[in-house]
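Since the structure comes first, as structure tokens, the remarks are kept for the end.
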Amino acid sequence: MSTIKLEVVSPDKVVYTEDIGMLIVRSTGGELGILPHHAPLVTGLVPHAMRVRVSQDRDEQLIAVAGGFMEVTPEKITVLATASEMPIDIDINRAKEAMARAKERIARFHQGQPESDGIDIERAQLALRRAIARLRAVGTELEA
């Protein structure tokens with residue numbers, strides 16, 4: 001089986017480096033599947049749980065990314081993430097609390113409550129997407 005080198009880097013560390021069979025990411029333009037020998041590509045990434053297939057079997061590893069950029073060459077994928085975590089490093093309770101706070105801020109903003117004047121809706125929505133990405137990476141079921 002052919003492989004491609006994946007390196008996920010956040011500002012403070014190299015989060016993941018391995019030869020893989022396939023990477024599935026959510027870019028600013030939609031979902032992408034990257035296989036070995038892929039055409040060169042540079043794209044932005046949105047907060048999500050990247051899906052890494054190490055071999056041809058269906059087993060996947062998930063890696064939470066809070067956004068960033070991805071560069072693909074035929075031999076290597078480099079993800080430069082604003083923040084990234086492996087599932088084992090994610091504090092589930094903290095991620096759930098962040099999701100609840102973001103949902104509450106968004107709801108207050110949309111209800112037009114007086115204390116919503118200081119709410120930055122884009123920042124709250126981004127915080128919600130980051131929390132969801134972290135919870136999906138650990139396999140937590142999310143309520144609708």
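Computed from a prediction, not measured in an experiment: that's the story for all the values here. FYI, the numbering just counts along the sequence from 1.
Atoms NE2 and CD1, on H48 and I132 in that order, are 13.5 Å from each other to the nearest 0.5 Å. Distance check, rounded to the nearest 0.5 Å: CD1 of I20 to OG1 of T3 gives 8.5 Å. Going from atom CD1 of I121 over to atom CZ of R105 covers 10.5 Å, rounded to the nearest 0.5 Å. One distance of note links CG of L23 with NE2 of H38; it measures 10.0 Å at 0.5 Å rounding.
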Report, one line per pair, each donor and acceptor closer than 3.5 Å where one atom sits in a side chain of residues 64-72; sequence neighbours left out.
none

Residues 85-96, side-chain donor-acceptor partners within the protein, below 3.5 Å, at least two apart:
{"unit_1": "E85", "atom_1": "OE1", "unit_2": "R134", "atom_2": "NE", "d": "2.6"}
{"unit_1": "E85", "atom_1": "OE1", "unit_2": "R134", "atom_2": "NH2", "d": "3.2"}
{"unit_1": "E85", "atom_1": "OE2", "unit_2": "R134", "atom_2": "NH2", "d": "3.4"}
{"unit_1": "D91", "atom_1": "OD1", "unit_2": "N93", "atom_2": "N", "d": "3.2"}
{"unit_1": "D91", "atom_1": "OD1", "unit_2": "R94", "atom_2": "N", "d": "3.1"}

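Residues V8 and V14 fail the side-chain proximity criterion, which asks for heavy atoms closer than 4.5 Å. Here the side chains of T28 and L45 are not in contact, with every heavy-atom distance at 4.5 Å or above.
A single hydrophobic cluster is not seen to contain both V52 and L80; linkage of ILVMFWY side chains at heavy-atom distances under 4.5 Å, directly or through other members, places them apart. In the hydrophobic cluster analysis, where Ile, Leu, Val, Met, Phe, Trp and Tyr join through side-chain heavy atoms closer than 4.5 angstrom, V46 is grouped apart from I34. Hydrophobic clustering of Ile, Leu, Val, Met, Phe, Trp and Tyr side chains at less than 4.5 Å, counting indirect connections, keeps V42 apart from V9. Cluster annotation: L62 and L32 are assigned to distinct hydrophobic clusters (Ile/Leu/Val/Met/Phe/Trp/Tyr, side-chain heavy-atom contacts under 4.5 Å, transitive).
Minimum interatomic distance between S10 and S84 (heavy atoms only, all atoms of both residues): CB-N, 4.1 Å. When every heavy atom of P11 is checked against every heavy atom of A81, the shortest pair comes out as CD-O, 3.3 Å. Between P47 and A133, the shortest heavy-atom contact is C-CB, 4.0 Å.
Here L126 sits alone; no ILVMFWY side chain lies under 4.5 Å from its own, so it joins no hydrophobic cluster. Under a 4.5 Å side-chain heavy-atom criterion applied to ILVMFWY residues, the cluster that includes L35 comprises M22, I24 as well.
Under the salt bridge (Lys or Arg N to Asp or Glu O under 4.0 Å) criterion, R130 pairs with no residue, sequence neighbours left out. E75 is linked by a side chain to side chain contact (heavy atoms under 4.5 Å, CB included) to T73, counting only residues two or more places apart in sequence or in another chain. In this view, R51 and E60 satisfy the salt bridge (Lys or Arg N to Asp or Glu O under 4.0 Å) rule, not counting sequence neighbours. With sequence neighbours left out, Q61 forms a side-chain hydrogen bond (donor to acceptor under 3.5 Å, both in side chains) with Y16. Looking at residues two or more places apart in sequence or on another chain, you find a salt bridge (Lys or Arg N to Asp or Glu O under 4.0 Å) between K76 and E7.
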For this session: Begin from the C-alpha positions of I77 and I4 and carry the test side-chain contact (heavy atoms from CB on, under 4.5 Å) through to its verdict.
Result: CA-CA 7 Å; I77 305 167; I4 187 168; 3.7 Å; yes
For this session: Before giving the answer on side-chain contact (heavy atoms from CB on, under 4.5 Å), spell out for L6 and V79 the whole-Å C-alpha distance, their side-chain angles and the decisive distance to 0.1 Å.
Result: CA-CA 8 Å; L6 170 62; V79 174; 4.2 Å; yes
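A salt bridge (charged side-chain N to carboxylate O under 4.0 Å, His left out) check over residues 9-38, counting only residues at least two apart or in different chains, returns nothing.
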